[in-house]
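Let me begin by presenting the structure, written as structure tokens, before commenting on it.
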Amino acid sequence: MGARPLLNRSLAGMGTTIFAEMSALAAATGSINLGQGFPDTDGPEEVREAAVRALREGRGNQYPPGPGVPELRLAIAEHQYRFYGLTVDPDTEVLVTAGATEAIAAALLALLEPGDEVIAFEPFYDSYAACIAMAGAVRVPLTLRAPAFRPDLDELRSLITPRTRLLLINTPHNPTGTVLTPEELAAIAELACEHDLLVVTDEVYEHLVFTGAHHPLAALPGMRERTVAISSAGKTFSFTGWKVGWVTGAPELVAAVRTAKQYLTYVSAGPFQYAVAEALRLPDAYYADFRADLRRKRDLLTEGLAEAGFRVFEPQGTYFVTTDITPLGEKDGVEFCRALPGRCGVVAIPNAVFYDRTELGLSQVRFAFCKRESVLREAVERLRRL
Ligand SMILES: *Cc1c(COP(=O)(O)O)cnc(C)c1O
């Protein structure tokens, strides 16, 4: 095959993710896996049953419509109105995708030209770097710095250049748990309007906010026509394997994203789309109970981590907590996470993998708390051995 590398250069260095390495380590050592963020119990029984019913009744077993089944698009539009007072047209302003992951990929591939600059919060969710690179664009990190992990809005202003095309905003933020305040959102919106930037928002943790509230950027003045909002059912309903996500936004933006999306998967998850339509219509009590349950789990794990000697940065949202291992006499999170299963039978993820400038997150380690209470209690017990 000659000397030319097989892998496209935009993906060079993006081999197997740390999640694969750590999950393999968890399996090999019988450790409790607080690394990858997936719940260890399924979502509501009635939603599972809705999927079974759709499958049996032959709804969605063949290619669903490209933009998503009408029932789900309507349910998404109703959800946007119910929780945020946003009116979106289910026919022209909603697109169903293969999880938020495909929505992010399709949005970036559709909206970016090679050389465009994209500003995103560092530490980054891992697919952002890959998708920006596949679009030939350049990522420009705005670092959320410990201990508060707030965006520095003066720094954001200073990062904007004539080549800046898009802001990629993740709130609630994985892995730090930062939830942007109305003031921060207003400042970001103002900069986007002033510099005529597009905005892609990753809101997959919209229903997992413990402090404050989630506010969509698209609701702010001047933002509707420039914002592609992304969410998904995986985190909200604890069905991460179904991969049902969606995009909402102005018709031109949704049409652009759909153009890229149709050549990625075309369509996906037919029967699950009907089930997610029912899930979105669950009563307020479902959303409130889910949040309260995760908040209890957050408190259980954060208290346990603090007692075990970690510095804990309490998350305002998501189901992750970022810690610092310096008080344990440790410096390197990657080494620490590789050794942790052997030392006490727990797996975590080093935040360094979410940074371009790894030195900025070297001593940070992320734990997921979307696990059964008994599992979290056992993990806390084990971590005390450190
Ligand atoms: C989990 C996650 C996603 C991916 O969502 P899917 O619907 O599973 O594709 C996207 N963004 C963030 C920040 C996530 O944590």
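Quick caveat: nothing in here was measured; it's all calculated off a predicted structure. Along the sequence shown, the residues carry numbers beginning at 1. Both ligands and their constituent atoms are indexed starting at 1 by order of listing.
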Identity and distance of the protein heavy atom lying nearest atom 15 (O) of ligand 1: Tyr205 OH, 2.7 Å

Checking Glu113 now: which residues fulfil salt bridge (Lys or Arg N to Asp or Glu O under 4.0 Å) with it, not counting sequence neighbours? none

Lys243 neighbourhood, listing ligand 1 atoms whose heavy-atom distance to it stays under 4.0 Å: 6 (P), 8 (O), 9 (O)

Using a heavy-atom cut-off of under 4.0 Å, does the side chain or the backbone of Val204 touch ligand 1, or both, or neither? side chain

With respect to Ser232, determine whether any N or O atom, backbone or side chain, lies less than 3.5 Å from an N or O atom of ligand 1. yes

So, is Asp202 polar-close to ligand 1, with some N/O to N/O distance under 3.5 Å? yes

Counting from 1 in the order shown, the ligand 1 atoms closer than 4.0 Å to a non-hydrogen atom of Asn170 are 13 (C)

Could you tell me which residues satisfy salt bridge (Lys or Arg N to Asp or Glu O under 4.0 Å) with Lys371, sequence neighbours excluded, listed by chain and number? none

Could you check Tyr274, Phe272, Phe38 and say which one makes a ring pair (Phe, Tyr, Trp, His ring centres under 6.0 Å) with Trp242? Phe272

Thr323 side chain to Val365 backbone, donor-acceptor under 3.5 Å: yes

Tell me the protein heavy atom at minimum distance from atom 1 (C) of ligand 1, and give that distance in Å. Lys235 NZ, 1.4 Å

Give a yes/no on ligand 1: does Ala100 have at least one heavy atom closer than 4.0 angstrom to it? yes

When only distance counts, is Thr240 in polar contact with ligand 1, meaning an N/O pair under 3.5 Å? no

Using modelled atom types and a 3.5 Å cut-off, is there a donor and acceptor pairing between side-chain atoms of Thr171 and backbone atoms of His173? no

What part of Glu102, side chain from CB on, backbone N/CA/C/O, both or neither, has a heavy atom under 4.0 Å from ligand 1? neither

Could you tell me whether the side chains of Ser231 and Glu206 share a donor-acceptor contact shorter than 3.5 Å? yes

Taking the cut-offs as 6.0 angstrom to the six-membered ring centre and 45 degrees off its axis, would you call Arg366 and Phe320 a cation-pi pair? yes

